[in-house]
Amino acid sequence: MKKWLGLVFILMGLSAIAQNKIIPAPLSVKPAPGYFTFDPTTYFLGNDQVAYKDGYVIKDFLIKYYNLPLKTATKSIGVGKHIALKYDSTLAVADGGYHILISPENITITGKNNGGVLYGLLSIMQLIEKTGNTVQIPCGEITDYPQFQYRGMHLDCSRHFFDIAFIKKYIDYLAMYKMNTFHWHLTDDQGWRIEIKQYPKLTEIGAWRDGTMVGHYRDQQYDNVRYGGFYTQKEIKEIVRYATDRHITIIPEIEMPGHCMAALAAYPELGCVKDTTYQVAKGWGVFEDVFCPNDSTFIFLENVLDEVMALFPSPYIHVGGDEVEKIRWKNCSHCQQLIKEKGLVNEHGLQSYFIQRIEKYVNSKGRSIIGWDEILEGGLAQNATIMSWRGEEGAVLAAQQKHYAIMTPGSHCYFDYYQGAPQLEPLAIGGFVPLDKVYGFNPIPASLTPEQATYILGAQANIWTEYINFPEQVEYMLLPRMLALSEVLWTSKENKNYDDFLSRLLFHFQLLDKTNTNYAKSIYQINYKVTPASELNKLNITLLSNPQLGKIDVQTINVLNGSKNNFTYENPFTVSAETPYISAQLNGSIKNTPTTQIKLKFNKATGKSITLKNEPSKKYSADGGFTLINGVEATVNPSWNGSEWLGFLGTDLQAIIDLGEIDSIHSVTIGCLYDKLSWIYPAESVQIWVSTNGKNYEQAGKIKYNGDQKRNAITISSTVKTGRYIKIEAINLGTIPSGNPGAGSKPWLFIDEISVE
Ligand code: TNX
């Protein structure tokens, strides 16, 4: 009985939320009859300075999104309808919470503190309904507060530079969805972006590079166009003010002791190697040159931090600490001497010494440091907060030692990763963090005790910009994933529901369309699965999409007579060599959604049965052996999990294909990937055998292979002209040749489609 009641309450809660469109979903919404209708005299009444300012911020949003100009006032101005805004520190909600009462006469918004009034205003803004000239808000009561106090978004402005007009927009997006922290990545190898008065060369030299990587890192191509930019201190002050008005704290990041090529290019004396010219990096990656931990470096960094702290009131200063190569320190006599003198274990100890020394300085100015999780290695600084990016391990270790941690694991929070199928997305670094993955994120690692869990402040998503050169592209990577993250951080577990989120999201897409904001439509992509069909020489196609988003329109093209067949997708369907081209698109309320095009290549092996002797590595196992004969040729981007490649680490491919009947066989072709940087090498040789009964095999061909294409099609002509079973062996190269990345280790063998002609 009790259980039943619980369920009824949950359903009631959901239906109340479903009626509104607010993202992130509020804690409690109680609808009441009637509407508050805006009229030309409606105004915001802010009875204290901060509340008044919050009203002011919303004014801009209302004009932009609803073409609704509202006045603000600090005193009641007579008869007009008003929205009363006030802060009340005794309100019984968590920090940043608010209470709203909407009646036909007026609206009262009470915020606890830290943006409560602004958040209340943002919620009612999302409830506005506009029909014709009537603008109204349904009556009711909302009580709401966030689950996590740290709700962050990061932006890398070093790899690519974004001007202050865009930074303001970015801050607007964050505020709209109740995020409260902007982590501003201001320095890195590829550019120093903050004016430091005492060290003008940081921006004269360090803010500019002589070229930029084009295409993907694995292509190793560059342009030679000078690129750069930086923020003056005046601009930074303006941005800090802008963010503060929107209850957003900006945490500046000054990277040390690694990721500092731009600083070294400006002041070479800060590096370990003398007599060298450092360059602002043109390419991506991790560089061997790092700050040398000598006294003049510390004086430099302290002076820089003084100016940074004067600009940013944030209680936290981010000092980086990630991906620090140790090779320079190993070969530096000063560093080795310092290790001895201070009794440090090794270069890792030196890394902790570095961070701890900086931490002491920052602490002496009344601020705390945040560092990437590498600062845990070799001993944690006094009271540093950890940003856990290499999984959740860093946060777990930090919380166990009673240190605060912010979750930003690559698996859920890297918004520079793909959010859809790479072939349908703009080029990205790799990885796969789709919207539902972000939505499903739980910032509290399962292994923590409730006591330890209190050390998890919240989470943040990162936008690293190696592959993101324009504001529109930042928007694309940010939206809608940030909306999912905002719900992860704000909304209570009970009110979280992905399908409900998607239905609310449609309204937000329309809002974004109104303001010409770019966003990804990747959730509208249709994925597909090719499976064996019961009939010989055919394949089954299953289309996958979220039914919430609309029905799927399908078109197949007959290549023999050119005829087209259009239908609405209901169930998996069968295709053959005559109908190898299929296109599918969602038919929903959002325009210009992506089209999925499937181009199948049929041959004698397609859709037949296949057995593998060795299993591929779990990470690259796709649909197992069937992947090799499913008619779909892999792309050369292997980083996506849904990829078509089967990957074998150090082992060979051994496959037997059963054609189902005795047939003529002239040649067998297999696809092999070649990507040295990823340790992937084509087969060293390929052999085939043919059999009529599956027992006695006759050798039918063998070739040594030495190709150097990205995708290598290795073809072997068969000396045996008929048979039913074909055994194929592709031999792994065995060892990565010297002079190459990973030399001496086992290489990967990546195989895709096998075709038999
Ligand atoms: C790792 S996350 C980095 C960044 C790169 C990013 C690309 C972190 C602390 N360091 O320097 O931009 O990967 O995803």
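Just follow the structure's listing: the first ligand is 1, and inside any ligand the first atom is 1. Every value quoted in this text rests on a predicted model; they were computed, and no experiment measured them.
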**Complete:** In this structure, atom 3 (C) of ligand 1 is nearest to the protein heavy atom Glu323 OE1, 3.5 Å
**For atom 5 (C) of ligand 1, closest protein heavy-atom neighbour** = Glu466 OE2, 3.3 Å
**Prompt:** Any N/O of Arg159 closer than 3.5 Å to an N/O of ligand 1?
**Reply:** yes
Could you tell me, atom by atom, which parts of ligand 1 come under 4.0 Å of a heavy atom of [X]?
X	value
Ile429	7 (C), 14 (O)
Asp416	7 (C), 14 (O)
Tyr414	2 (S), 8 (C), 14 (O)
His259	11 (O)

**Message:** I want to confirm something. Looking only at heavy atoms, which of Asp189, Asn462, Asp322 is nearest to atom 8 (C) of ligand 1?
**Reply:** Asp322
**Item:** Distance-minimising heavy-atom pair for Gln419 and Phe432
**Value:** C-CE1, 3.9 Å
**Minimum heavy-atom distance Asn383-Glu359, with the two atoms named** = OD1-OE2, 2.7 Å
**Asked** Can you tell me if Trp645 uses its side chain to pair, donor with acceptor, with the backbone of Thr635 under 3.5 Å?
**Response** yes
**Ring geometry between His154 and His183 (parallel below 30°, tilted from 30 to 60°, perpendicular above 60°)** = perpendicular
**Prompt:** In terms of ring plane angle, is the pair Tyr231 and Phe161 parallel, tilted or perpendicular, where the classes change at 30° and 60°?
**Reply:** tilted
**Message:** So, applying side chain to side chain donor-acceptor pair (under 3.5 Å) with Asp189, which one of His259, Lys282, Gln279, Arg209 is it?
**Reply:** His259
